[in-house]
There are 2 protein chains.
Amino acid sequence: MTEPGSATVDLEIIVQGAQEGKKQELRLWLRMLSTTKLVSQEIRRRLRNEFGATLPQFDLMAQLYRERDGLRLGELSKRTMVTNGNVTGLVERLETDGLVLRVTPDGDRRVTVAKLTEKGETIFGAMAVAHEGWLRDMMADVDPAIVSELWQDIGAVKSSVSNHLSGGDFD
Amino acid sequence: MTEPGSATVDLEIIVQGAQEGKKQELRLWLRMLSTTKLVSQEIRRRLRNEFGATLPQFDLMAQLYRERDGLRLGELSKRTMVTNGNVTGLVERLETDGLVLRVTPDGDRRVTVAKLTEKGETIFGAMAVAHEGWLRDMMADVDPAIVSELWQDIGAVKSSVSNHLSGGDFD
DNA sequence: GGGCGACATTTGAAATGTCAAAGGTTTACG
DNA sequence: CGTAAACCTTTGACATTTCAAATGTCGCCC
């Protein structure tokens, strides 16, 4: 790939920097976005085919699965990065299906707490196992060391982004 | 399950592999997903505030911007990773706003070709410049070398995922 | 030249997504 | 007390999303 006899390595860097080095971030973003879409679509398809569930429902249940005492809707909204109004409908549907339960605690009647039903826990357990397997399969060709490195470096991206938001939100 | 194939590996790796190394892919995926959501939301907010546009509309126009002769809806669907039915409505709204034009070529009346209007090109030009700047800003704290490396390594992930799809789709 | 299979887009139902405004509740302060 | 501010959730209007089924065209083969 690299061309021969370049005693002027500096030149390349300068040229690259001046011409298109500026778009590295854009390029990275586009690739992150398309990759994420690809994986999402695959997971969505499998969740649908094998469990009749949707990805947002899975996400929401995942949060409840590790907080057996349940979570307030606002907290669910933050953790799933889904708007409040959206959580309302999501929980509503899951309640209809008997996977989730809504309770208003005694102390504060403004609050609604959602928690998994026993049925919900059982079903989600199965989904979680399958879900993890799908990801292992999809990333099977990637060197584990790279996987680990990516986790780190994307963390750096995430934290840079967090520090440059116009609204001022956090992880 | 899987047994350690080579006895030459470090103890660390074995330990890691036995304990929680199995979930590395899941961990990476969750981080990719949350980071992508974070960036998407920020871009969405800015597109809305500064241009009154939505992210899918921006994506679609981006494709048309570099194909001045226009693209068939099916091709748009593939490139934006948006379903056919979705493209229909998207283009419909953009046409209403006078940003996009729909034409049926003479040769084949099954086909609809969408292309940017002059107004569409002007407006998108401005959005593209801003968009690139937003990304540079958001990733400002990330070492350029890391940005480049991430682009490469995520490419490896993408291609692994592509090779392990149940449906069998490609980039 | 009629019809069948392949192709391209649209439609329709249901779910998810955003934002802004409205609805109750609680808290705090004068 | 009693009202205003703060908090939590829901609602409503719209845009986007997916899937499956319908619609419309083209190509080809007999």
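Everything quoted here is computed from the prediction, not taken from an experiment. In what follows, every chain begins at residue 1, and chains take the letters A, B, ... in the order their sequences are listed.
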Review point. Can a side chain N or O of A:Arg48 be found less than 4.0 Å away from OP1 or OP2 on D:dA20?
Key: no

Practice item. Side-chain contact test, heavy atoms from C-beta onward, threshold under 4.5 Å: evaluate it for B:Arg31 versus A:Leu150 and give yes or no. Key: no

Practice item. Classify the nucleic acid contact of A:Leu90 as base, sugar-phosphate or nothing, counting any heavy atom under 4.0 Å across all strands shown. Key: sugar-phosphate

**Study point:** d(CG, B:Asp59; C1', D:dT17) in whole Å
**Key:** 14 Å

Exercise for review: Hydrophobic side-chain clustering at under 4.5 Å (ILVMFWY, transitive links): who's grouped with B:Val113? Put none if nobody.
Suggested key: B:Val111

Atom pairs, protein N/O to nucleotides 2-8 of chain C N/O, distance under 3.5 Å:
unit_1: C:dA8; atom_1: OP1; unit_2: B:Arg72; atom_2: NH2; d: 2.6

Review point. Given a cutoff of under 4.5 Å between side-chain heavy atoms of I, L, V, M, F, W and Y, with clusters grown through shared members, what are the other residues clustered with A:Val129?
Key: none

Practice item. Would you mind reading off the distance between A:Arg45 atom CZ and D:dT17 atom C1', rounded to a whole angstrom? Key: 15 Å

Point to revise | Distance-only side-chain donor-acceptor flag, A:Arg27 / A:Gln24, under 3.5 Å | key: yes

Review point. Where each residue is assigned the nucleotide of DNA chain D containing its nearest heavy atom, which of B:Met81 and A:Thr88 is assigned the position nearer the 5′ end?
Key: A:Thr88

Point to revise | Whole-Å gap separating P (C:dT9) and CG (B:Leu76) | key: 9 Å

Review point. Does OP1 or OP2 of C:dT18 have a side-chain N or O of A:Thr83 closer than 4.0 Å?
Key: yes

Review point. Looking across every strand, which nucleic acid part, if any, lies under 4.0 Å from A:Val82 by heavy atom: base, sugar-phosphate, or nothing?
Key: sugar-phosphate

Point to revise | Atom pair distance, as rounded to whole Å: CD in B:Glu95 and C1' in C:dT9 | key: 14 Å

Review point. Passes side-chain contact (heavy atoms from CB on, under 4.5 Å), A:Met127 versus A:Phe124? Steps please.
Key: CA-CA 5 Å; A:Met127 292 197 291; A:Phe124 179 80; 3.9 Å; yes

Check your understanding: Given side chains that start at C-beta, do those of A:Leu165 and B:Leu38 come closer than 4.5 Å, heavy atoms only?
Key -> yes

Point to revise | Distance, rounded to the nearest Å, where A:Asn86 contributes CG and C:dT18 contributes C1' | key: 8 Å

Practice item. Grab the CG-P distance between B:Leu71 and C:dT9 for me, whole Å please. Key: 11 Å

Revision key, fill the gap. Atom CG of B:Leu60 and atom P of C:dT9 are separated, to the nearest Å, by 13 Å

Point to revise | Euclidean distance, atom CZ of residue B:Arg46 to atom P of C:dC19 [Å, nearest integer] | key: 14 Å

Practice item. With A:Arg48 as the cation and A:Phe51 as the aromatic partner, state whether NZ or CZ is under 6.0 Å from the six-membered ring centre and within 45° of the axis. Key: no

Practice item. Using heavy atoms to find the nearest nucleotide of DNA chain C for A:Gly89 and B:Glu75 separately, return the residue whose nucleotide is more 5′. Key: B:Glu75

**Study point:** C:dT18 OP1/OP2 closer than 4.0 Å to side-chain N/O of B:Gln41
**Key:** yes

